[in-house]
Amino acid sequence: MSNTPLTEASTSRFVRIQEGDLDLQLHYNDCGSGDETVVMLHGSGPGASGWANFNRNIEPLVAAGYRVLLMDCPGWSKSDPIVCTGSRSELNARALKGLMDAIGLDKAHLVGNSMGGHSAVAFALANPARVGKLILMGGGTGGASSFVPMPTEGIKLIGALYRQPTIENLKRMMSVFVYDTSSLTQALFQARLDNMLTRRDHLENFVKSAEANPKQFPDVGHRLGEIKAPALVIWGRDDRFVPLDTGLRLVAGLQNAELHVFSRCGHWAQWEHADKFNRMVLDFLAH
Ligand SMILES: O=C(O)/C=C/C(=O)/C=C/C=C(\O)C(=O)O
């Protein structure tokens, strides 16, 4: 393996995809090489990207011999803008199929955070033969919480931030996002604010999409039993965006799933408990 450090810039790639009605330029990061590929799919917060969501998780997988791809979903980061009036989970799944077709990748393991989890499940339903294993954190959409009023406080704060992208609203959202707010540095806030404000078109399109169709991530709980891929479901006990009981629904519905719950953890398990998360993922993929 090369000793060159993995950076966002050195791994940044673009591809033009045509998948059904989608004709888009997508941005992704292509890290490492190996016989098996892990695709990571980010969440739906303003300014999110594959690199922002998973920067603590790439190196260990690359060091273990996996190729790691981070796809920026349509409407985020350096990927093309889009207004989504249907299922965004299915839109992202089609984009991923387009990316995999374009680069000649037949099959991948999928790691999805929140919206990324919803999208990974949508991809597995549409393309079962192209999925190895699934790792789902804080998402998958096996249905709404039975205990926490929806939309949750975190999802309401995301909506407010999309409508009014200010540093104050960003701090409000991020302080609910993680369990331990002392881990949130000024540098992290600034990077996230810069990401958001660089692409105001993405912010405006998200608001338009939600107005056109408030159910961007439909409940596919009734179809989870179709998914045979082994799944590791990982949740934060203190998740105030997508509550823990929705993770239980996934484990109840998927054919072959196990659940790990981190205490002292909000909606970003892969970042808040990165070392243990990375060990668990490596172990799950290897056995
Ligand atoms: O509305 C939903 O179900 C999904 C919400 C998210 O995907 C929120 C994710 C937020 C991030 O991961 C982020 O980095 O902003």
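Numbering of ligands and ligand atoms starts at 1, following listing order.
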Exactly which residues line ligand 1, taking a heavy atom under 4.0 Å from it as the test?
-> Gly43, Ser44, Gly45, Ala48, Asn53, Asn113, Ser114, Met115, His118, Ile155, Ile158, Phe177, Arg192, Phe217, His267, Trp268
Using 4.0 Å as the upper bound for N to carboxylate O, is an ion pair formed by Glu19 and Arg94?
-> no
Excluding sequence neighbours, so at least two apart, what forms side chain to side chain contact (heavy atoms under 4.5 Å, CB included) with Ile167?
-> Leu170, Lys171, Phe189, Leu193
Residues in side-chain hydrogen bond (donor to acceptor under 3.5 Å, both in side chains) contact with Ser175, at least two apart in sequence or another chain = none
Does anything in residues 118-134 pair up under side chain to side chain donor-acceptor pair (under 3.5 Å), and if so which pairs, sequence neighbours excluded?
-> Asn92-Ser119, Asp101-Arg130, His118-Thr141
Answer with yes or no whether the side chains of Ser114 and His267 bring together a donor and an acceptor at under 3.5 Å.
-> yes
Would a hydrophobic clustering, with Ile, Leu, Val, Met, Phe, Trp and Tyr connected at side-chain separations under 4.5 Å, put Phe262 with Trp271?
-> no
